[in-house]
Amino acid sequence: MTKSIVDHNDVLSLTEQELGDLLESLGAPRFRGRQLFEWLWRHDAKSYEEIQVWPRELRERLQGSYPISRLSLVQSQVATDGTTKLLLAMKDGQRVETVLLPHRYGYSVCVSSQVGCAMGCKFCASGLKGRVRQLTAGEMADQVAYGNLVLHERSSKISRIDVMGIGEPMDNFANLMRFLELVHAPAGLNLSYRHITVSTSGLVPAMQKLADSGKPVTLAVSLHAPNDALRLKLMPVNRAYPLGQLIPMCRYYAERTGRRVTFEYLLLDGVNDGEEQAHELAQLVRGFPNHVNLIPWNPVDEHPFQPSPKARVRRFQSIVQEYGISCTIRRELGQEIDAACGQLRLREEEPVSP
Ligand code: SF4
């Protein structure tokens, strides 16, 4: 277990082993820890009252000192293609966005890792108000559990997790590690590390820690520009970790984990979508296992960018592919809802003026 500061009253953030320790410390048999873990993550228990097979005295004791604080729904938007955006409230009233995305194989869930974000990327609604607070591991895992509750009504469930919602997961590293262990645990949600993608704007030291963690998740790096000058204009993180550090760390990640790295590249009309920039991008990332994912820009009122014309997107893709690099264009899901990250939370907090 990665060392992290965890509130031991926050049972949703505790591993099966830690729940065993807790139950033992209360004089209950250790196996109750595994039972509680299963009740939390397989049966979505909201209260100890639901665990009727337990002695009443134990249930009451836990309810008093270790209440189960699950996420609650504030608002949801469902697009015709099934994309579902959830605005969920935490116990302190802060809100977080979670998105369910339909695929041929089932659903993926896009999990948020912070309330707001400190990274300040110029194209992102989430960074507009800065970082408010970190999410706990339990709050992150509960987004997956809540997604499963919604999908149960569609006879489906979550098969993949993308930690790509609001926040920079690497800026919440200890809780990210704990979250990965929680959702991977066989007694709980039981998701393979290989079905989990963690994104980053490029926090190089944390990327190395993830590479060395023994958790072979897919790493997705938000690149969005093929050179330092342009990337610095779009992503302030490039000042601390320029491409000369970022790309070698991506290579290290691929070598250490045996997983190819995904590069996310948002196409902004007239900003980073030219032919020369496509060549520059391909030359930057070639030489180790990776994949380039081109993302058509989804306009956000607060930002001035425009989407690239479709023909230019296809031309950009074909140039990158000429270098033998795997390159796809992301499907546009949920077009009619507030689909860019952070939009739903911002709209809910600040109603758009007529
Ligand atoms: S794109 Fe990601 S890292 Fe950048 S401000 Fe938005 S949430 Fe933060």
Side-chain angles (χ1 to χ4, degrees), residues 85-88 94-99 101 108-135 139-140 143 161-173 175-176 179 196-207 209-210 217-225 228 230-243 245-246 249-250 261-268 271-272 292-305 307 330 333 338-350:
K85 195 154 194 171
L86 306 168
L87 185 64
L88 301 167
Q94 290 292 345
R95 291 159 177 199
V96 69
E97 276 183 27
T98 305
V99 185
L101 297 149
S108 64
V109 60
C110 186
V111 167
S112 293
S113 56
Q114 297 175 319
V115 180
C117 182
M119 305 313 293
C121 303
K122 300 297 180 216
F123 43 78
C124 175
S126 308
L128 285 177
K129 288 186 161 182
R131 186 182 70 202
V132 179
R133 76 161 168 89
Q134 307 284 20
L135 294 196
E139 287 165 341
M140 293 171 70
Q143 294 173 58
I161 298 175
D162 298 319
V163 191
M164 279 190 183
I166 298 174
E168 164 56 69
M170 301 289 191
D171 182 36
N172 188 10
F173 192 79
N175 286 326
L176 172 71
F179 159 78
I196 301 174
T197 298
V198 174
S199 86
T200 182
S201 59
L203 294 181
V204 169
M207 288 166 68
K209 283 203 271 178
L210 183 64
V217 298
T218 300
L219 178 68
V221 175
S222 299
L223 198 55
H224 308 320
D228 280 326
L230 179 56
R231 195 163 189 267
L232 196 51
K233 284 188 192 155
L234 297 172
M235 303 179 72
V237 66
N238 203 78
R239 191 176 307 282
Y241 304 110
L243 294 172
Q245 291 181 35
L246 179 60
M249 183 50 69
C250 294
V261 172
T262 297
F263 289 108
E264 306 284 356
Y265 196 99
L266 199 54
L267 282 163
L268 307 168
V271 176
N272 64 356
V292 174
N293 190 25
L294 301 176
I295 309 169
W297 168 246
N298 209 341
V300 179
D301 292 346
E302 296 81 358
H303 295 296
F305 303 113
R330 184 184 284 178
L333 291 166
D338 292 329
C341 69
Q343 283 184 339
L344 187 60
R345 175 172 163 265
L346 283 176
R347 294 223 192 297
E348 176 64 18
E349 286 180 351
E350 289 178 6

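Each ligand, and each atom within it, is numbered from 1 in the order the structure gives. These numbers were taken from a predicted model, which means no experiment stands behind them. The first residue of the sequence shown is numbered 1, and numbering continues consecutively from there.
- In terms of modelled atom types and a separation under 3.5 Å, the side chain of Asp162 and the main chain of Ile196 share no donor-acceptor contact.
- Taking CE from Met170 and CG from Leu203, the interatomic distance works out to 7.5 Å, rounded to the nearest 0.5 Å.
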(message) Phe123 vs His224, test: ring pair (Phe, Tyr, Trp, His ring centres under 6.0 Å). Steps then yes/no.
(response) CA-CA 10 Å; Phe123 43 78; His224 308 320; 4.9 Å; yes
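- At least one N/O/S atom of Cys117, from backbone or side chain, sits under 2.8 Å from atom 8 (Fe) of ligand 1.
- For ligand 1 and Cys124, the ligand atoms under 4.0 Å from any heavy atom of the residue are 1 (S), 5 (S), 6 (Fe), 7 (S).
- Here the shortest heavy-atom distance to atom 3 (S) of ligand 1, taken over Arg131, Glu264, Met119, belongs to Met119.
- Under the 4.0 Å criterion applied to side-chain N and carboxylate O atoms, Glu168 and Arg131 are not assigned as salt-bridge partners.
- Taking every heavy atom of Gly167 and a limit of under 4.0 angstrom, the matching atoms of ligand 1 come to 7 (S).
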